[in-house]
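In what follows, a single structure is set out as C-alpha coordinates and then discussed.
Below, each value reflects all heavy atoms present in this structure, side chains not excepted, and no hydrogens, waters or symmetry copies. So you know, we letter chains A, B, ... as the sequences are listed, proteins then strands, and number each from 1. These numbers were taken from a predicted model, which means no experiment stands behind them.
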Number of protein chains: 2
Amino acid sequence: MARPEPIRFRRSTLGEDVYETLKGLVLEHTLSPGDRINIDALAREFAVSPTPIREALARLESDGLVRKRPLVGYTVSPLLTRAEFTDMFEMRLLLECAATRWAAERTDAARRSAITTEAATTVVPEEDDPDGWHGAFTVLDARFHDLIAEASGNDLLRDGINRLHAHLHLHRRYFPYAQAGATVEEHRRIAAAIQAADPDGAEAAMREHLTRARERHLPAFD
Amino acid sequence: MARPEPIRFRRSTLGEDVYETLKGLVLEHTLSPGDRINIDALAREFAVSPTPIREALARLESDGLVRKRPLVGYTVSPLLTRAEFTDMFEMRLLLECAATRWAAERTDAARRSAITTEAATTVVPEEDDPDGWHGAFTVLDARFHDLIAEASGNDLLRDGINRLHAHLHLHRRYFPYAQAGATVEEHRRIAAAIQAADPDGAEAAMREHLTRARERHLPAFD
DNA sequence: TGATTCGTGATCCTATAGGATGTTTCATGG
DNA sequence: CCATGAAACATCCTATAGGATCACGAATCA
(Lines give C-alpha, C1' and ligand atoms only; values in the text may rest on other atoms or scores of the structure.)
Protein backbone atom coordinates (compact mmCIF):
# COMPACT_ATOMS: atom_id res chain seq x y z
CA MET A 1 0.00 0.00 0.00
CA ALA A 2 2.76 2.33 -0.95
CA ARG A 3 1.34 4.80 -3.46
CA PRO A 4 -2.05 3.81 -4.85
CA GLU A 5 -2.70 6.08 -7.82
CA PRO A 6 -0.09 8.63 -9.00
CA ILE A 7 0.85 6.63 -12.08
CA ARG A 8 3.74 9.01 -12.76
CA PHE A 9 4.83 8.02 -16.28
CA ARG A 10 7.52 10.66 -16.64
CA ARG A 11 9.11 10.74 -20.05
CA SER A 12 11.98 12.92 -18.94
CA THR A 13 11.15 15.63 -16.43
CA LEU A 14 7.97 16.68 -14.76
CA GLY A 15 8.18 20.16 -16.22
CA GLU A 16 8.33 18.72 -19.72
CA ASP A 17 5.24 16.60 -19.19
CA VAL A 18 3.33 19.49 -17.69
CA TYR A 19 4.32 21.66 -20.64
CA GLU A 20 3.03 19.17 -23.19
CA THR A 21 -0.15 18.53 -21.23
CA LEU A 22 -0.89 22.22 -20.74
CA LYS A 23 -0.19 22.93 -24.39
CA GLY A 24 -2.70 20.26 -25.27
CA LEU A 25 -5.31 21.71 -22.95
CA VAL A 26 -4.93 25.14 -24.53
CA LEU A 27 -4.99 23.82 -28.09
CA GLU A 28 -8.04 21.67 -27.36
CA HIS A 29 -9.83 24.67 -25.91
CA THR A 30 -10.23 22.81 -22.63
CA LEU A 31 -8.70 26.02 -21.40
CA SER A 32 -10.51 28.65 -23.46
CA PRO A 33 -8.91 31.83 -24.72
CA GLY A 34 -9.18 34.50 -22.05
CA ASP A 35 -9.48 32.04 -19.18
CA ARG A 36 -7.46 32.79 -16.10
CA ILE A 37 -4.96 30.14 -15.04
CA ASN A 38 -4.67 29.41 -11.34
CA ILE A 39 -1.27 27.96 -10.62
CA ASP A 40 -2.21 26.37 -7.31
CA ALA A 41 -5.33 24.81 -8.79
CA LEU A 42 -3.33 23.33 -11.67
CA ALA A 43 -0.75 22.00 -9.24
CA ARG A 44 -3.46 20.20 -7.29
CA GLU A 45 -5.05 18.95 -10.50
CA PHE A 46 -1.82 17.42 -11.81
CA ALA A 47 -0.69 16.32 -8.36
CA VAL A 48 2.59 18.19 -8.66
CA SER A 49 4.05 21.22 -6.97
CA PRO A 50 3.69 24.73 -8.40
CA THR A 51 7.32 24.81 -9.55
CA PRO A 52 7.03 22.70 -12.74
CA ILE A 53 3.70 24.41 -13.51
CA ARG A 54 5.40 27.77 -13.35
CA GLU A 55 8.23 26.51 -15.55
CA ALA A 56 5.80 25.19 -18.17
CA LEU A 57 3.87 28.46 -18.16
CA ALA A 58 7.05 30.44 -18.75
CA ARG A 59 7.73 28.38 -21.86
CA LEU A 60 4.13 28.65 -23.04
CA GLU A 61 4.37 32.40 -22.73
CA SER A 62 7.43 32.34 -24.99
CA ASP A 63 5.30 30.45 -27.48
CA GLY A 64 2.62 33.10 -27.22
CA LEU A 65 -0.02 30.65 -26.03
CA VAL A 66 -0.48 32.27 -22.63
CA ARG A 67 0.06 35.79 -21.35
CA LYS A 68 1.46 36.86 -18.01
CA ARG A 69 0.43 39.96 -16.15
CA PRO A 70 2.80 40.52 -13.25
CA LEU A 71 1.19 40.12 -9.86
CA VAL A 72 -2.10 39.25 -11.48
CA GLY A 73 -1.55 35.87 -13.05
CA TYR A 74 -1.51 33.95 -16.31
CA THR A 75 -4.35 33.91 -18.82
CA VAL A 76 -4.82 31.94 -22.01
CA SER A 77 -4.00 34.14 -24.98
CA PRO A 78 -7.10 35.56 -26.67
CA LEU A 79 -7.95 34.55 -30.21
CA LEU A 80 -6.19 36.48 -32.95
CA THR A 81 -7.81 39.63 -34.20
CA ARG A 82 -8.52 39.92 -37.88
CA ALA A 83 -5.40 42.03 -38.35
CA GLU A 84 -3.19 39.60 -36.46
CA PHE A 85 -4.68 36.77 -38.45
CA THR A 86 -3.82 38.32 -41.77
CA ASP A 87 -0.35 39.09 -40.41
CA MET A 88 0.03 35.43 -39.57
CA PHE A 89 -0.89 34.35 -43.07
CA GLU A 90 1.51 36.89 -44.46
CA MET A 91 4.19 35.13 -42.42
CA ARG A 92 3.01 31.70 -43.50
CA LEU A 93 3.19 32.72 -47.14
CA LEU A 94 6.72 33.93 -46.62
CA LEU A 95 7.98 30.93 -44.67
CA GLU A 96 6.06 28.03 -46.13
CA CYS A 97 6.45 29.04 -49.77
CA ALA A 98 10.20 29.15 -49.28
CA ALA A 99 10.17 25.86 -47.40
CA THR A 100 8.18 24.22 -50.20
CA ARG A 101 10.53 25.52 -52.85
CA TRP A 102 13.58 24.23 -51.00
CA ALA A 103 11.93 20.93 -50.27
CA ALA A 104 11.31 20.45 -53.99
CA GLU A 105 14.89 21.43 -54.77
CA ARG A 106 16.86 19.66 -52.12
CA THR A 107 15.22 16.84 -50.28
CA ASP A 108 15.81 13.15 -50.78
CA ALA A 109 13.56 10.53 -52.31
CA ALA A 110 12.42 9.08 -48.98
CA ARG A 111 11.04 12.37 -47.77
CA ARG A 112 9.35 13.07 -51.08
CA SER A 113 7.55 9.77 -50.78
CA ALA A 114 6.59 10.47 -47.20
CA ILE A 115 5.04 13.78 -48.20
CA THR A 116 3.10 12.16 -51.04
CA THR A 117 1.85 9.43 -48.72
CA GLU A 118 0.77 11.92 -46.10
CA ALA A 119 -1.10 13.98 -48.69
CA ALA A 120 -2.99 10.87 -49.78
CA THR A 121 -4.21 10.20 -46.26
CA THR A 122 -7.68 11.47 -45.55
CA VAL A 123 -9.93 11.69 -42.54
CA VAL A 124 -13.61 10.87 -42.83
CA PRO A 125 -15.99 13.52 -41.46
CA GLU A 126 -18.10 12.23 -38.61
CA GLU A 127 -21.14 14.37 -38.13
CA ASP A 128 -21.71 13.19 -34.59
CA ASP A 129 -18.25 14.04 -33.34
CA PRO A 130 -17.35 17.48 -34.66
CA ASP A 131 -14.65 18.05 -32.09
CA GLY A 132 -12.94 14.76 -32.78
CA TRP A 133 -13.04 15.43 -36.46
CA HIS A 134 -11.57 18.88 -36.08
CA GLY A 135 -8.80 17.43 -33.98
CA ALA A 136 -7.96 14.62 -36.39
CA PHE A 137 -8.02 16.94 -39.38
CA THR A 138 -5.77 19.46 -37.66
CA VAL A 139 -3.24 16.80 -36.74
CA LEU A 140 -3.16 15.62 -40.33
CA ASP A 141 -2.75 19.15 -41.66
CA ALA A 142 -0.02 19.97 -39.16
CA ARG A 143 1.91 16.82 -40.01
CA PHE A 144 1.79 17.52 -43.73
CA HIS A 145 3.08 21.03 -43.31
CA ASP A 146 5.75 19.91 -40.86
CA LEU A 147 6.99 17.23 -43.25
CA ILE A 148 7.55 19.93 -45.85
CA ALA A 149 9.20 22.20 -43.31
CA GLU A 150 11.55 19.40 -42.34
CA ALA A 151 12.27 18.62 -45.97
CA SER A 152 13.39 22.20 -46.50
CA GLY A 153 16.57 21.23 -44.68
CA ASN A 154 16.57 24.40 -42.58
CA ASP A 155 15.74 23.70 -38.95
CA LEU A 156 15.31 27.35 -38.01
CA LEU A 157 12.76 27.68 -40.77
CA ARG A 158 11.00 24.60 -39.49
CA ASP A 159 10.84 26.01 -35.97
CA GLY A 160 9.43 29.27 -37.23
CA ILE A 161 6.71 27.49 -39.17
CA ASN A 162 5.72 25.30 -36.24
CA ARG A 163 5.57 28.34 -34.02
CA LEU A 164 2.98 29.87 -36.34
CA HIS A 165 0.99 26.67 -36.53
CA ALA A 166 0.51 26.67 -32.77
CA HIS A 167 -1.40 29.94 -33.14
CA LEU A 168 -3.32 28.60 -36.10
CA HIS A 169 -4.52 25.63 -34.07
CA LEU A 170 -6.34 27.90 -31.69
CA HIS A 171 -8.66 28.79 -34.56
CA ARG A 172 -9.29 25.36 -35.99
CA ARG A 173 -12.60 25.10 -34.15
CA TYR A 174 -14.02 27.67 -36.55
CA PHE A 175 -12.88 25.94 -39.71
CA PRO A 176 -15.83 24.76 -41.84
CA TYR A 177 -16.17 21.05 -42.59
CA ALA A 178 -17.37 21.41 -46.11
CA GLN A 179 -14.09 22.73 -47.43
CA ALA A 180 -11.86 19.99 -46.10
CA GLY A 181 -11.99 18.28 -49.48
CA ALA A 182 -10.48 21.29 -51.18
CA THR A 183 -7.68 21.34 -48.63
CA VAL A 184 -6.81 17.71 -49.31
CA GLU A 185 -6.82 18.31 -53.05
CA GLU A 186 -4.48 21.28 -52.68
CA HIS A 187 -2.16 19.20 -50.52
CA ARG A 188 -2.02 16.59 -53.27
CA ARG A 189 -0.99 19.17 -55.82
CA ILE A 190 1.79 20.43 -53.58
CA ALA A 191 3.02 16.90 -52.92
CA ALA A 192 2.98 16.08 -56.61
CA ALA A 193 5.12 19.09 -57.44
CA ILE A 194 7.60 18.20 -54.72
CA GLN A 195 7.68 14.61 -55.92
CA ALA A 196 8.43 15.88 -59.43
CA ALA A 197 11.22 18.13 -58.10
CA ASP A 198 9.50 21.18 -59.56
CA PRO A 199 10.37 24.14 -57.30
CA ASP A 200 8.36 26.74 -59.21
CA GLY A 201 5.30 24.55 -59.35
CA ALA A 202 5.58 23.54 -55.70
CA GLU A 203 5.93 27.11 -54.50
CA ALA A 204 3.01 28.23 -56.63
CA ALA A 205 0.85 25.39 -55.35
CA MET A 206 1.67 26.25 -51.76
CA ARG A 207 0.96 29.92 -52.40
CA GLU A 208 -2.42 29.08 -53.82
CA HIS A 209 -3.15 26.69 -50.96
CA LEU A 210 -2.37 29.28 -48.30
CA THR A 211 -4.20 32.05 -50.11
CA ARG A 212 -7.31 29.92 -50.34
CA ALA A 213 -6.93 28.74 -46.76
CA ARG A 214 -6.94 32.35 -45.67
CA GLU A 215 -10.14 32.94 -47.62
CA ARG A 216 -11.71 29.89 -46.01
CA HIS A 217 -10.88 31.13 -42.53
CA LEU A 218 -11.66 34.80 -42.91
CA PRO A 219 -15.48 34.55 -42.73
CA ALA A 220 -15.11 33.41 -39.12
CA PHE A 221 -14.09 36.98 -38.26
CA ASP A 222 -17.34 38.54 -39.44
CA MET B 1 18.83 48.73 9.88
CA ALA B 2 16.18 46.97 7.91
CA ARG B 3 17.78 45.78 4.70
CA PRO B 4 21.28 47.11 4.01
CA GLU B 5 22.09 46.40 0.38
CA PRO B 6 19.60 44.56 -1.86
CA ILE B 7 18.82 47.62 -3.93
CA ARG B 8 16.04 45.69 -5.60
CA PHE B 9 15.08 47.98 -8.50
CA ARG B 10 12.44 45.64 -9.80
CA ARG B 11 10.86 46.81 -13.01
CA SER B 12 8.02 44.36 -12.69
CA THR B 13 8.88 40.92 -11.35
CA LEU B 14 12.08 39.33 -10.22
CA GLY B 15 11.84 36.65 -12.86
CA GLU B 16 11.74 39.33 -15.53
CA ASP B 17 14.83 41.04 -14.21
CA VAL B 18 16.69 37.76 -13.91
CA TYR B 19 15.73 36.90 -17.48
CA GLU B 20 17.09 40.16 -18.85
CA THR B 21 20.24 39.96 -16.76
CA LEU B 22 20.95 36.36 -17.71
CA LYS B 23 20.30 37.12 -21.36
CA GLY B 24 22.85 39.89 -21.10
CA LEU B 25 25.41 37.63 -19.47
CA VAL B 26 25.04 35.09 -22.26
CA LEU B 27 25.18 37.69 -25.03
CA GLU B 28 28.22 39.35 -23.46
CA HIS B 29 29.97 35.99 -23.26
CA THR B 30 30.32 36.42 -19.51
CA LEU B 31 28.75 33.01 -19.64
CA SER B 32 30.58 31.38 -22.53
CA PRO B 33 29.00 28.94 -24.96
CA GLY B 34 29.20 25.45 -23.51
CA ASP B 35 29.43 26.60 -19.91
CA ARG B 36 27.34 24.74 -17.42
CA ILE B 37 24.81 26.79 -15.47
CA ASN B 38 24.38 26.03 -11.79
CA ILE B 39 20.98 27.18 -10.62
CA ASP B 40 21.87 27.33 -6.95
CA ALA B 41 25.07 29.26 -7.62
CA LEU B 42 23.17 31.79 -9.74
CA ALA B 43 20.55 32.14 -7.04
CA ARG B 44 23.23 33.01 -4.50
CA GLU B 45 24.90 35.36 -6.96
CA PHE B 46 21.72 37.33 -7.63
CA ALA B 47 20.51 37.02 -4.05
CA VAL B 48 17.22 35.52 -5.13
CA SER B 49 15.65 32.10 -4.77
CA PRO B 50 16.06 29.37 -7.40
CA THR B 51 12.46 29.77 -8.52
CA PRO B 52 12.83 32.92 -10.65
CA ILE B 53 16.15 31.58 -11.97
CA ARG B 54 14.42 28.45 -13.14
CA GLU B 55 11.67 30.50 -14.74
CA ALA B 56 14.16 32.69 -16.59
CA LEU B 57 16.09 29.64 -17.82
CA ALA B 58 12.91 28.09 -19.18
CA ARG B 59 12.33 31.21 -21.26
CA LEU B 60 15.95 31.37 -22.40
CA GLU B 61 15.68 27.79 -23.55
CA SER B 62 12.68 28.75 -25.65
CA ASP B 63 14.86 31.44 -27.19
CA GLY B 64 17.51 28.86 -27.94
CA LEU B 65 20.15 30.64 -25.84
CA VAL B 66 20.52 27.81 -23.32
CA ARG B 67 19.95 24.08 -23.51
CA LYS B 68 18.49 21.83 -20.87
CA ARG B 69 19.53 18.24 -20.33
CA PRO B 70 17.04 16.54 -18.05
CA LEU B 71 18.45 15.64 -14.66
CA VAL B 72 21.82 17.07 -15.61
CA GLY B 73 21.34 20.81 -15.79
CA TYR B 74 21.41 23.80 -18.09
CA THR B 75 24.29 24.77 -20.36
CA VAL B 76 24.86 27.82 -22.54
CA SER B 77 24.10 26.96 -26.16
CA PRO B 78 27.22 26.30 -28.22
CA LEU B 79 28.14 28.60 -31.07
CA LEU B 80 26.45 27.92 -34.39
CA THR B 81 28.14 25.50 -36.74
CA ARG B 82 28.89 26.65 -40.24
CA ALA B 83 25.77 24.90 -41.53
CA GLU B 84 23.54 26.43 -38.89
CA PHE B 85 25.06 29.80 -39.60
CA THR B 86 24.24 29.64 -43.30
CA ASP B 87 20.76 28.44 -42.39
CA MET B 88 20.36 31.49 -40.20
CA PHE B 89 21.33 33.83 -42.99
CA GLU B 90 18.95 32.03 -45.30
CA MET B 91 16.24 32.89 -42.78
CA ARG B 92 17.42 36.45 -42.43
CA LEU B 93 17.30 36.92 -46.18
CA LEU B 94 13.77 35.62 -46.22
CA LEU B 95 12.46 37.65 -43.28
CA GLU B 96 14.40 40.88 -43.49
CA CYS B 97 14.06 41.34 -47.25
CA ALA B 98 10.30 41.07 -46.88
CA ALA B 99 10.31 43.40 -43.88
CA THR B 100 12.33 45.96 -45.80
CA ARG B 101 10.01 45.81 -48.79
CA TRP B 102 6.94 46.29 -46.63
CA ALA B 103 8.57 49.06 -44.66
CA ALA B 104 9.24 50.92 -47.89
CA GLU B 105 5.68 50.33 -49.04
CA ARG B 106 3.65 50.94 -45.94
CA THR B 107 5.26 52.84 -43.13
CA ASP B 108 4.68 56.43 -42.16
CA ALA B 109 6.97 59.43 -42.53
CA ALA B 110 8.05 59.47 -38.90
CA ARG B 111 9.41 55.95 -39.02
CA ARG B 112 11.16 56.60 -42.32
CA SER B 113 12.96 59.52 -40.75
CA ALA B 114 13.87 57.48 -37.69
CA ILE B 115 15.44 54.82 -39.88
CA THR B 116 17.41 57.38 -41.84
CA THR B 117 18.61 59.00 -38.64
CA GLU B 118 19.67 55.69 -37.17
CA ALA B 119 21.57 54.78 -40.33
CA ALA B 120 23.47 58.06 -40.08
CA THR B 121 24.65 57.31 -36.56
CA THR B 122 28.11 55.83 -36.35
CA VAL B 123 30.33 54.46 -33.65
CA VAL B 124 34.01 55.28 -33.53
CA PRO B 125 36.36 52.32 -33.26
CA GLU B 126 38.42 52.38 -30.11
CA GLU B 127 41.46 50.22 -30.48
CA ASP B 128 41.99 49.90 -26.76
CA ASP B 129 38.51 48.68 -25.95
CA PRO B 130 37.63 46.03 -28.50
CA ASP B 131 34.89 44.54 -26.39
CA GLY B 132 33.19 47.84 -25.78
CA TRP B 133 33.35 48.66 -29.45
CA HIS B 134 31.88 45.34 -30.44
CA GLY B 135 29.07 45.87 -27.98
CA ALA B 136 28.28 49.38 -29.14
CA PHE B 137 28.38 48.42 -32.79
CA THR B 138 26.10 45.45 -32.19
CA VAL B 139 23.55 47.56 -30.36
CA LEU B 140 23.53 50.03 -33.21
CA ASP B 141 23.13 47.30 -35.81
CA ALA B 142 20.38 45.60 -33.87
CA ARG B 143 18.45 48.84 -33.45
CA PHE B 144 18.64 49.63 -37.15
CA HIS B 145 17.33 46.23 -38.14
CA ASP B 146 14.63 46.34 -35.49
CA LEU B 147 13.42 49.73 -36.68
CA ILE B 148 12.90 48.26 -40.13
CA ALA B 149 11.22 45.18 -38.69
CA GLU B 150 8.86 47.38 -36.74
CA ALA B 151 8.17 49.53 -39.81
CA SER B 152 7.06 46.43 -41.68
CA GLY B 153 3.86 46.63 -39.68
CA ASN B 154 3.83 42.89 -38.98
CA ASP B 155 4.60 42.13 -35.34
CA LEU B 156 5.03 38.40 -35.88
CA LEU B 157 7.63 39.15 -38.51
CA ARG B 158 9.35 41.50 -36.10
CA ASP B 159 9.46 38.83 -33.40
CA GLY B 160 10.90 36.32 -35.81
CA ILE B 161 13.65 38.69 -36.87
CA ASN B 162 14.59 39.56 -33.30
CA ARG B 163 14.70 35.90 -32.41
CA LEU B 164 17.32 35.38 -35.11
CA HIS B 165 19.32 38.39 -34.01
CA ALA B 166 19.75 36.92 -30.53
CA HIS B 167 21.66 34.06 -32.11
CA LEU B 168 23.63 36.42 -34.30
CA HIS B 169 24.77 38.38 -31.25
CA LEU B 170 26.56 35.33 -29.92
CA HIS B 171 28.94 35.61 -32.88
CA ARG B 172 29.60 39.33 -32.87
CA ARG B 173 32.87 38.86 -31.03
CA TYR B 174 34.34 37.40 -34.20
CA PHE B 175 33.25 40.23 -36.46
CA PRO B 176 36.22 42.10 -37.94
CA TYR B 177 36.57 45.82 -37.21
CA ALA B 178 37.83 46.83 -40.58
CA GLN B 179 34.57 46.16 -42.34
CA ALA B 180 32.30 48.18 -40.10
CA GLY B 181 32.48 51.06 -42.55
CA ALA B 182 31.00 48.95 -45.31
CA THR B 183 28.17 47.95 -43.03
CA VAL B 184 27.30 51.55 -42.26
CA GLU B 185 27.36 52.44 -45.95
CA GLU B 186 25.02 49.58 -46.78
CA HIS B 187 22.67 50.67 -44.02
CA ARG B 188 22.56 54.13 -45.55
CA ARG B 189 21.57 52.75 -48.93
CA ILE B 190 18.75 50.74 -47.37
CA ALA B 191 17.52 53.74 -45.42
CA ALA B 192 17.59 55.94 -48.52
CA ALA B 193 15.47 53.49 -50.48
CA ILE B 194 12.94 53.25 -47.65
CA GLN B 195 12.88 57.03 -47.36
CA ALA B 196 12.19 57.20 -51.10
CA ALA B 197 9.38 54.64 -50.77
CA ASP B 198 11.13 52.38 -53.27
CA PRO B 199 10.22 48.79 -52.34
CA ASP B 200 12.27 47.11 -55.07
CA GLY B 201 15.34 49.19 -54.32
CA ALA B 202 15.00 48.71 -50.58
CA GLU B 203 14.64 44.95 -50.84
CA ALA B 204 17.59 44.73 -53.20
CA ALA B 205 19.73 46.85 -50.90
CA MET B 206 18.86 44.66 -47.92
CA ARG B 207 19.58 41.53 -49.91
CA GLU B 208 22.98 42.84 -50.86
CA HIS B 209 23.67 43.93 -47.29
CA LEU B 210 22.85 40.52 -45.84
CA THR B 211 24.71 38.66 -48.55
CA ARG B 212 27.82 40.69 -47.90
CA ALA B 213 27.40 40.40 -44.14
CA ARG B 214 27.40 36.65 -44.54
CA GLU B 215 30.63 36.84 -46.51
CA ARG B 216 32.16 39.03 -43.83
CA HIS B 217 31.30 36.55 -41.11
CA LEU B 218 32.10 33.29 -42.84
CA PRO B 219 35.91 33.44 -42.53
CA ALA B 220 35.51 33.10 -38.77
CA PHE B 221 34.45 29.50 -39.36
CA ASP B 222 37.73 28.47 -40.99
C1' DT C 1 42.81 -4.38 -20.73
C1' DG C 2 37.95 -3.95 -20.79
C1' DA C 3 33.51 -4.18 -18.67
C1' DT C 4 30.73 -4.03 -14.60
C1' DT C 5 29.43 -2.57 -10.06
C1' DC C 6 29.32 0.63 -6.37
C1' DG C 7 29.67 5.14 -4.07
C1' DT C 8 29.66 10.06 -4.21
C1' DG C 9 28.00 14.28 -5.73
C1' DA C 10 25.00 17.35 -7.92
C1' DT C 11 20.67 18.38 -9.65
C1' DC C 12 15.91 18.39 -9.81
C1' DC C 13 11.55 18.21 -7.55
C1' DT C 14 8.54 18.84 -3.54
C1' DA C 15 6.39 21.23 0.24
C1' DT C 16 5.14 25.02 3.10
C1' DA C 17 5.28 29.67 5.05
C1' DG C 18 5.39 34.67 4.65
C1' DG C 19 5.23 39.16 2.21
C1' DA C 20 3.43 42.11 -1.48
C1' DT C 21 0.15 43.36 -4.83
C1' DG C 22 -4.24 43.71 -7.44
C1' DT C 23 -9.08 43.10 -7.15
C1' DT C 24 -13.35 43.35 -5.16
C1' DT C 25 -16.77 44.84 -2.04
C1' DC C 26 -18.97 47.98 0.85
C1' DA C 27 -19.92 52.27 2.90
C1' DT C 28 -20.19 57.17 2.46
C1' DG C 29 -20.83 61.63 0.28
C1' DG C 30 -22.55 64.34 -3.56
C1' DC D 1 -29.03 57.09 -7.85
C1' DC D 2 -24.13 57.35 -9.04
C1' DA D 3 -19.34 58.11 -8.09
C1' DT D 4 -15.42 58.02 -5.04
C1' DG D 5 -12.70 56.22 -1.40
C1' DA D 6 -10.96 52.87 1.78
C1' DA D 7 -10.66 48.34 3.77
C1' DA D 8 -10.90 43.31 3.44
C1' DC D 9 -10.01 39.50 0.59
C1' DA D 10 -7.87 36.40 -2.51
C1' DT D 11 -4.07 35.40 -5.30
C1' DC D 12 0.34 35.51 -6.80
C1' DC D 13 5.26 35.80 -5.97
C1' DT D 14 9.18 34.71 -3.23
C1' DA D 15 12.04 32.18 0.08
C1' DT D 16 13.96 28.11 2.40
C1' DA D 17 14.69 23.35 3.69
C1' DG D 18 14.61 18.52 2.68
C1' DG D 19 14.07 14.13 0.01
C1' DA D 20 14.49 11.39 -4.30
C1' DT D 21 16.61 10.46 -8.55
C1' DC D 22 20.18 10.18 -11.87
C1' DA D 23 24.91 11.00 -13.90
C1' DC D 24 29.66 10.57 -13.35
C1' DG D 25 33.96 8.63 -11.63
C1' DA D 26 36.62 5.09 -9.19
C1' DA D 27 37.53 0.59 -7.82
C1' DT D 28 37.08 -4.29 -8.69
C1' DC D 29 36.79 -8.50 -11.25
C1' DA D 30 37.01 -11.42 -15.38
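In this structure, NZ of A:Lys68 is placed 15 Å from P of C:dT21, rounded to the nearest angstrom. A straight line from CD1 of A:Ile53 to C1' of D:dC12 spans 14 Å, rounded to a whole angstrom. In this structure, CG of A:Asp17 is placed 11 Å from P of C:dT14, rounded to the nearest angstrom. As rounded to whole Å, 11 Å separates atom C1' of D:dC12 from atom CD of B:Glu55. One interatomic measurement links the two molecules: CZ of A:Arg67 to P of D:dC12, which rounds to 19 Å at whole-angstrom precision. Rounding to whole angstrom units, CZ of residue B:Arg44 and C1' of C:dT11 are separated by 13 Å. When the P atom of D:dA15 is taken as reference, atom CZ of B:Phe46 falls 13 Å away, rounded to whole Å. The interatomic distance linking A:Arg54 (CZ) with C:dA15 (P) rounds to 16 Å, in whole Å.
The phosphate of D:dA23 (OP1 or OP2) has no side-chain N or O of B:Arg69 nearer than 4.0 angstrom. The side chain of B:Ser49 contributes an N or O atom lying less than 4.0 Å from OP1 or OP2 of D:dA15. Between D:dC12 and A:Asn38, a contact under 4.0 Å exists linking OP1 or OP2 to a side-chain N or O.
For B:Phe175 and B:His217, the ring centers are positioned less than 6.0 Å apart. In this structure, B:His169 has its ring center no closer than 6.0 Å to that of B:His29.
When heavy atoms are screened at a 4.0 angstrom cut-off, A:Ile37 is found touching the sugar-phosphate backbone but no base atom. Residue A:Pro52 is in sugar-phosphate contact alone, with no base atom involved, counting any heavy-atom pair closer than 4.0 Å across all strands shown.
Checked against C:dC13, D:dC12, D:dA15, the side chain of A:Leu14 finds its nearest nucleotide in C:dC13. Looking at the side chain of B:Ile39, the nearest of the listed nucleotides C:dG22, C:dC12, D:dT14 is C:dC12. Taking the side chain of B:Thr51 as heavy atoms from C-beta on, and the options D:dT14, C:dC12, C:dT11, the nearest nucleotide is D:dT14.
Remark: B:Glu16 engages B:Arg59 in a salt bridge, criterion side-chain N to carboxylate O under 4.0 Å.
Toward the 5′ end of DNA chain C lies the nearest nucleotide of A:Val48, the other residue of the pair A:Val48 and A:Arg36 mapping further downstream. Take the nearest nucleotide of DNA chain C for A:Pro50 and for A:Val72: the residue whose nucleotide is more 5' is A:Pro50.
Within the structure, side chain to side chain donor-acceptor pair (under 3.5 Å) pairs that include any residue of residues 152-162 of chain B comprise A:Glu90-B:Asn154, B:Asp146-B:Arg158, B:Asp146-B:Asn162 (at least two apart or interchain).
Listed by chain and residue number, A:Arg82, A:Phe85, A:His171, A:Leu218 satisfy the side-chain contact (heavy atoms from CB on, under 4.5 Å) test with A:Phe221 (two or more places apart in sequence, or in another chain).
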